[in-house]
Protein chains: 2
Amino acid sequence: MARSEHRSGSTLPVTPPTLADVAERAGVSRQTVSNAVNNPDLLRPDTLERVRQTIAELGYSPNRAARNLRTRTSSLIGLRFAPAQEGTANAAMDRFVHSLVEASEEVGYHVLLFPGDDDDPIGGYENLLRSTAVDAFVVTDTYLGNPQAAWLSQQRAPFVAFGRPWDDEGARHVWVDVDGAAGIALATQHLIDRGHTRIAWIGWRKDSPIGEDRRSGWVRTMHANGLPTTGLASRVEDVVHSGAEAAAVLLDESAPTAFVCASDTLAMGVLHTLWIRQLAPGKDIAVVGFDDSQVAQVFPVGLTSVRQPLEDVAVEIVRALRALLSHQPVETRGVLLEPTLAIRESS
Amino acid sequence: MARSEHRSGSTLPVTPPTLADVAERAGVSRQTVSNAVNNPDLLRPDTLERVRQTIAELGYSPNRAARNLRTRTSSLIGLRFAPAQEGTANAAMDRFVHSLVEASEEVGYHVLLFPGDDDDPIGGYENLLRSTAVDAFVVTDTYLGNPQAAWLSQQRAPFVAFGRPWDDEGARHVWVDVDGAAGIALATQHLIDRGHTRIAWIGWRKDSPIGEDRRSGWVRTMHANGLPTTGLASRVEDVVHSGAEAAAVLLDESAPTAFVCASDTLAMGVLHTLWIRQLAPGKDIAVVGFDDSQVAQVFPVGLTSVRQPLEDVAVEIVRALRALLSHQPVETRGVLLEPTLAIRESS
DNA sequence: CGACCGCCCTAGATCGATCCAATCACGGTG
DNA sequence: CACCGTGATTGGATCGATCTAGGGCGGTCG
């Protein structure tokens with residue numbers, strides 16, 4: 001079936017050219033054009049050149065749907081984009097999404113977002129999986145004891161998790177995570193190097209494995225330097241208000257000269273208390289947060305904060321996905337990346 | 001070709017069931033199953049019930065790729081997700097993406113993210129368009145004098161812009177935007193209602209049409225209330241530092257009792273200056289920002305800010321996309337939505 | 001000199017759902 | 001009783017790319 005419509009050079013035709021169009025015009029078979037695109041090595045150099053020329057002339061791009069159907073792949077990575085919450089938490093998430101989009105692009109993948117409420121963690125995944133709409137998933141909400149990971153594993157769906165399977169010893173999936181304990185250790189050591197000896201910890205409640213992990217970095221570093229931790233720790237909700245209260249109590253009872261916090265949100269609370277008490281952050285009292293969120297970077301002083309290498313996380317995740325999808329043997333089941341410390345005026 | 005593999009009830013088979021599988025099992029033709037999914041009205045009630053039963057038993061979902069190929073649609077909406085910048089600007093963007101994902105889901109669309117640097121604004125669009133990977137685009141970066149919109153229009157690609165075509169009188173595309181002038185007018189009137197008469201404006205440089213639009217809301221409201229504006233306006237870069245400087249100068253030279261800012265970033269600068277001068281925001285001097293970003297919601301006092309109705313923007317955009325894609329006559333070429341004022345301690 | 005091998009390329013089948021035209025069943029009508 | 005019309009259902013063709021065989025062709029080797 002020949003197509004005779006005239007194609008203008010600059011405007012896209014109503015229906016884009018197909019493989020057959022290119023083949024006919026170049027005087028070769030469809031398969032040869034396909035090979036020119038996907039396996040250039042198989043063609044004789046002069047043929048390749050001629051086909052490429054024609055492809056350029058017609059502005060041909062392979063039809064995604066047809067390719068997807070035949071190859072049973074989509075080059076799409078599904079990511080659940082949870083509903084916006086007013087809070088600091090998903091600021092890091094958004095930075096991660098940016099990084100993931102770029103890392104995916106590098107290897108020819110695109111990111112497909114789908115919504116999902118916390119009530120039905122499986123819903124969105126199941127639809128996309130059954131309709132073979134995506135090749136794989138990136139699961140980010142592993143802090144919830146991730147039923148998704150378990151379910152996806154059971155379905156043999158390819159996925160990589162951002163976050164360790166804290167509770168689940170039997171989990172066999174691939175994951176990438178940031179070493180929160182190491183980050184807090186970095187922060188603590190930084191404060192010790194600046195001469196602080198009474199360094200307080202404000203973290204989350206005990207049922208948060210991530211929070212306990214971060215806390216361990218503080219404990220470890222303090223003890224390694226022969227410094228006390230008793231009476232210097234507090235566990236609260238992850239809201240500004242709670243951080244402020246905890247700071248007030250600790251200041252009154254234990255006289256710390258520095259605070260290490262499990263989140264920027266809590267650090268903001270500390271800053272608030274300092275502000276009320278007319279204590280200068282960074283001079284009178286040092287403060288370090290976690291996540292390097294935009295919230296804290298500007299005012300009233302720049303907040304020193306542990307920064308997760310989300311760009312690297314994205315790259316590692318994409319690397320793992322590629323390995324999964326090409327059915328290569330999985331070398332490492334988990335990758336743990338080191339955060340860095342963004343030092344500002346508050347310490 | 002019959003499939004004889006045994007399917008377990010709970011785990012997904014290696015290859016999902018197809019239309020033909022369902023048809024065979026239900027004792028009907030493939031087309032009837034297709035109709036059961038897409039045009040239930042065409043089936044006799046009892047047949048419909050039987051087919052639906054079988055679909056449920058097998059856990060059948062139509063293969064996306066096959067459907068896309070045949071119908072020449074993808075149910076995907078492309079959105080360029082620009083690289084992360086350290087700043088307030090994309091905080092609103094992220095909130096918008098959330099809203100868009102949810103609004104799209106409502107009508108059966110998914111959002112496909114693709115990267116793009118500002119150097120080559122067309123790149124990502126062209127690829128996706130030519131490979132028919134997405135049905136339509138949502139263009140957000142119209143503040144750049146949007147070459148994308150012009151290019152997409154020329155390509156007859158369906159798209160809706162978030163943002164007015166400020167400069168381009170001839171633009172014929174569909175857009176949705178938020179009335180920034182109305183938002184600032186709201187903020188200004190709010191301050192006037194609180195008794196302020198000397199209200200200063202800190203905005204962007206004159207070459208920003210968005211900035212000039214917002215500024216006009218301040219001018220309009222001041223004059224409508226018989227209040228002066230001379231000597232009370234300043235135009236600076238959109239960074240905290242510049243906002244702080246502008247506030248200092250205005251305080252010294254014009255003795256305002258309130259500030260209206262074109263962005264939360266600038267408002268943060270104002271708060272900084274107040275802090276240095278030991279002036280209490282909301283008591284001594286009132287401050288209002290724009291974008292209701294998380295940055296300013298918490299510390300040191302809650303910042304009153306103009307909030308864009310991004311959820312509604314997303315809904316309107318999806319509505320417009322649906323109209324475009326179903327080739328309905330376009331009723332309205334542009335939709336302008338009213339922002340609201342989030343009032344906090346700073347005013 | 002004919003069998004054989006690699007290289008380059010081609011033709012037909014295929015992925016799974018939907019479009020299209022045709023068929024079938026069945027009650028009503030002349 | 002033949003005919004018609006409508007509603008329900010069906011089989012074949014189709015979307016566009018890739019997979020799988022297999023076919024020319026020139027060169028090499030026994």
Side-chain angles (χ1 to χ4, degrees), chain A residues 1-3 13-52 54-55 58-75 108 129-133 135, chain B residues 1-3 13-52 54-55 58-75 108 129-133 135:
Chain A
M1 176 200 59
R3 300 200 177 194
V14 181
T15 76
T18 73
L19 204 75
D21 295 329
V22 178
E24 191 191 9
R25 176 137 169 186
V28 295
S29 70
R30 299 191 323 270
Q31 184 57 41
T32 299
V33 179
S34 175
N35 285 335
V37 174
N38 301 307
N39 302 85
D41 300 343
L42 295 181
L43 298 198
R44 226 170 37 208
D46 60 331
T47 313
L48 179 59
E49 180 51 35
R50 186 158 40 101
V51 174
R52 281 194 166 151
T54 312
I55 288 177
L58 295 182
Y60 166 77
S61 270
N63 180 302
R64 273 295 233 287
R67 172 179 280 180
N68 293 352
L69 173 59
R70 188 62 240 230
T71 62
R72 296 165 168 286
T73 58
S74 64
S75 300
L129 187 58
R130 282 214 302 224
S131 57
T132 60
D135 287 349
Chain B
M1 176 199 63
R3 300 201 177 193
V14 181
T15 77
T18 72
L19 204 71
D21 296 329
V22 177
E24 190 190 12
R25 176 137 170 187
V28 295
S29 71
R30 300 191 325 271
Q31 184 58 41
T32 300
V33 180
S34 176
N35 285 337
V37 175
N38 301 307
N39 301 85
D41 300 343
L42 295 181
L43 298 198
R44 227 171 38 208
D46 59 332
T47 313
L48 179 59
E49 180 50 37
R50 183 158 40 100
V51 174
R52 282 196 166 147
T54 312
I55 288 177
L58 296 183
Y60 165 78
S61 272
N63 180 302
R64 274 296 232 286
R67 171 178 280 179
N68 293 352
L69 174 60
R70 187 61 222 188
T71 62
R72 296 168 168 284
T73 58
S74 64
S75 300
L129 186 57
R130 282 214 302 225
S131 58
T132 61
D135 287 350

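Bear in mind the structure is a predicted one, so any value in this text is a computation, not a measurement. Residue numbering restarts at 1 for every chain, and letters A, B, ... go by the order of the sequence lines. Below, each value reflects all heavy atoms present in this structure, side chains not excepted, and no hydrogens, waters or symmetry copies.
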### Message
Categorize V28(B) for me: base, sugar-phosphate, or nothing, with a 4.0 angstrom heavy-atom threshold over every strand shown.
### Response
sugar-phosphate
### Task
Write down the distance between CZ (R130(B)) and P (dG16(D)), rounded to a whole number of angstrom.
16 Å
Distances under 3.5 Å only, N/O to N/O: pair up the protein atoms with those of nucleotides 11-14 of chain C.
unit_1: dG12(C); atom_1: O6; unit_2: R30(A); atom_2: NH2; d: 3.3
unit_1: dA13(C); atom_1: N6; unit_2: R30(A); atom_2: NH2; d: 3.0
unit_1: dT14(C); atom_1: O2; unit_2: R70(A); atom_2: NH1; d: 2.5

### Query
Is there a donor-acceptor contact under 3.5 Å from the side chain of S131(A) to the main chain of S61(B)?
no
### Message
Going by salt bridge (charged side-chain N to carboxylate O under 4.0 Å, His left out), name the residues that satisfy it together with R25(A), two or more places apart in sequence or in a different chain.
### Response
E57(A)
### Task
Report yes if a side-chain nitrogen or oxygen of N38(B) is closer than 4.0 Å to either non-bridging phosphate oxygen (OP1 or OP2) of dT18(C); otherwise report no.
yes
#### Entry: Whether S34(B) side chain and R30(B) backbone form a donor-acceptor pair below 3.5 Å
no
### Task
Measure the distance from CG on D21(B) to C1' on dG16(C) and round it to the nearest whole Å.
10 Å
### Query
So which nucleotide from dA17(D), dT9(D), dT18(C) ends up closest to the side chain of T32(B)?
dT9(D)
### Message
Output the rounded distance in Å from CG (N68(B)) to P (dA17(C)).
### Response
12 Å
### Task
Using atom CG of L69(A) as one end and atom P of dC15(D) as the other, report the distance to the nearest whole Å.
14 Å
### Message
Using whole Å, what does the distance between atom P of nucleotide dA17(C) and atom CG of N63(A) come to?
### Response
17 Å
### Task
Might you confirm whether atom CZ of R50(B) has over 12 heavy atoms from other residues, nucleotides or ligands at distances under 6.0 Å?
yes
### Message
Rounding to an integer number of Å, can you tell me how far E24(B) CD sits from dT10(D) P?
### Response
13 Å
### Query
About how many Å separate CZ of R70(B) and CG of L69(A), when rounded to the nearest 0.5 Å?
12.0 Å
### Query
Using a cut-off of less than 4.0 Å, is there contact between a side-chain N or O of R72(A) and OP1 or OP2 of dG16(C)?
yes
### Query
How sharply is the helix from dC1(C)-dG30(D) to dG30(C)-dC1(D) bent, taking the axes over five pairs at either end and rounding to 10 degrees?
70°
## Note on the structure
note: R64(A), atom CZ; dG16(C), atom P; distance rounded to Å ~ 20 Å
### Nucleotide dG16(D), atom P - distance to CG of L19(A) in whole Å
11 Å
### Message
Can you pull out the residues from residues 39-49 of chain A that lie within a 4.0 Å heavy-atom distance of DNA chain D?
### Response
none
### Task
Write out all pairs satisfying salt bridge (charged side-chain N to carboxylate O under 4.0 Å, His left out) with one or both partners inside residues 31-45 of chain A, taking only residues at least two apart or from two chains.
R44(A)-D46(A)
### Query
OP1, OP2 of dT18(D) versus side-chain N and O of T71(A): anything below 4.0 Å?
no
### Message
Need one value for V37(A): base, sugar-phosphate or nothing, where a base atom within 4.0 Å counts as base even if backbone is also close, heavy atoms only.
### Response
nothing
### Task
Could I get the full list of side-chain hydrogen bond (donor to acceptor under 3.5 Å, both in side chains) partners for N63(A), not counting sequence neighbours?
T132(B)
